[in-house]
Protein chains: 2
Amino acid sequence: MRDDPTHLAEQVAVVLRHLVFLLRRYSAGQPLTSQQYGVLGSLEHGPRRMTALAEDHAVQLPTMTVQINRLEDAGLVARGTDPADARVRTVELTAEGRERLQNVRRSRIANLTRELAALTEDERATLAAALPVLAKLGRS
Amino acid sequence: MRDDPTHLAEQVAVVLRHLVFLLRRYSAGQPLTSQQYGVLGSLEHGPRRMTALAEDHAVQLPTMTVQINRLEDAGLVARGTDPADARVRTVELTAEGRERLQNVRRSRIANLTRELAALTEDERATLAAALPVLAKLGRS
DNA sequence: CACGGAATATTAGACAAGCTAAGTTAGTTG
DNA sequence: CAACTAACTTAGCTTGTCTAATATTCCGTG
């Protein structure tokens with residue numbers, strides 16, 4: 001009964017709700033929304049096309065168009081074109097976008113680090129061991 | 001270095017993003033939104049007042065008013081009044097609301113259970129051990 | 001090479017979820 | 001009792017998402 005998947009599932013469901021809640025609290029009051037930071041993150045390693053961004057974030061293309069419009073208005077990304085295919089629009093970080101991304105990432109990591117530092121070493125080890133398992137969920 | 005909080009924080013951040021993503025995918029296409037199910041869940045153990053619901057879900061009162069309006073229109077909750085204080089509106093599940101909540105919960109648990117069943121017993125144990133630690137995050 | 005279909009993106013229009021500010025009604029207190 | 005406070009609701013805004021419709025470009029076939 002200790003490792004009954006259904007029983008475990010109920011506990012996981014509770015914890016997941018807690019975590020979602022936490023994340024929402026973390027990102028309240030930031031200059032950009034978490035979705036927008038997510039998009040910036042996708043551009044970290046170079047330009048991407050609209051379709052790729054939409055797939056990355058599991059949204060429809062028009063949704064991504066709206067997001068990129070706003071980020072472009074804010075000067076954080078720039079649109080370009082693919083020389084090989086004029087239908088394709090590319091998107092890349094501006095210098096300011098890159099800076100913003102780094103700042104936010106640092107602040108997020110710092111927050112999390114503070115929370116993790118409050119745990120015991122055993123707890124951190126337990127958590128670290130579970131991360132690969134959590135990462136596996138949903139990949140099936 | 002293995003248990004350096006900053007390093008761990010980076011990994012946790014990645015996994016959390018993954019989990020949020022997962023949850024969003026789970027709740028796509030359901031008849032109600034996950035927020036609405038969340039509200040139904042808060043009513044499971046009896047009537048609550050608007051302020052209490054808003055606090056539960058960390059939203060402002062007007063947001064909760066809108067949610068309850070929709071759930072009331074859908075026949076899933078009913079508003080009442082507090083006999084001791086006429087300013088207070090209470091909200092409780094209707095029979096249909098309770099049924100809907102149970103259905104969704106069953107289906108969610110079933111989904112999660114299926115995913116967990118695909119793991120090895122060791123992985124489930126690792127996950128189970130980490131749940132209390134995850135639940136501790138953000139409580140500080 | 002012209003034409004039709006496929007691919008890429010944007011625009012338009014809808015809805016949910018959140019916010020703040022302002023309004024209403026009902027208790028509470030000097 | 002008048003003024004203040006508390007509990008909600010309403011109104012109006014922004015963001016994020018969707019689908020449907022449109023524009024533009026590419027490609028394959030006759």
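As the structure is a prediction and not an experimental result, all values here were calculated from the model. Below, chains carry the letters A, B, ... as their sequence lines are ordered, and counting in each starts from 1.
Summarising the geometry, atom CG belonging to A:L131 is positioned 14.0 Å from atom NZ belonging to A:K136; distances are rounded to the nearest 0.5 Å. To the nearest 0.5 Å, atoms CD (A:E96) and CG (A:L76) are separated by 5.5 Å.
Look at NE2 on A:H57: it is 13 Å from P on D:dC18, rounded to the nearest Å.
With DNA chain D read from its 5' end, the first of the two nearest nucleotides for B:R49 and A:P83 is the one closest to B:R49.
Within the 4.0 Å cut-off from OP1 or OP2 of C:dT10, at least one side-chain nitrogen or oxygen of A:R79 is found. Contact check, B:Q60 against D:dC8: no side-chain N or O comes under 4.0 Å of OP1 or OP2. The phosphate of C:dA7 (OP1 or OP2) has no side-chain N or O of A:T51 nearer than 4.0 angstrom. Regarding contacts with the backbone of C:dA16, every side-chain N or O of B:Q67 stays at 4.0 angstrom or more from both OP1 and OP2. At D:dT14, none of the side-chain N or O atoms of A:R70 fall inside 4.0 Å of OP1 or OP2 (strictly under the cut-off). Of the side-chain N and O atoms in B:T63, none sit less than 4.0 angstrom from OP1 or OP2 of C:dG18.
Side chain of B:R24, nearest nucleotide from C:dC19, D:dC8, D:dT17: D:dT17. Checking C:dA16, D:dC18, D:dT9 against the side-chain heavy atoms of B:T33 singles out C:dA16 as nearest. The side chain of B:T65 lies closest to D:dT10 when the candidates are D:dT10, D:dC26, C:dT10. Side chain of A:P62, nearest nucleotide from D:dG16, D:dT9, C:dT10: C:dT10. Comparing atom distances between the A:M50 side chain and each of D:dA6, C:dT10, D:dC26 picks out C:dT10 as nearest. Comparing D:dC8, C:dA17, C:dC19 by their nearest atom to the side chain of B:R89 picks out D:dC8.
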Inset, instruction - Check step by step if side chain to side chain donor-acceptor pair (under 3.5 Å) holds for A:N103 and A:R100. - result: CA-CA 5 Å; A:N103 286 344; A:R100 194 73 77 86; over 6 Å; no
Inset, instruction - Show your reasoning for whether side chain to side chain donor-acceptor pair (under 3.5 Å) applies to B:N111 and B:R108. - result: CA-CA 5 Å; B:N111 275 318; B:R108 258 197 224 157; over 6 Å; no
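For the side chain to side chain contact (heavy atoms under 4.5 Å, CB included) criterion with A:L134, the lone passing option out of B:L19, B:L22, B:T126 is B:L19.
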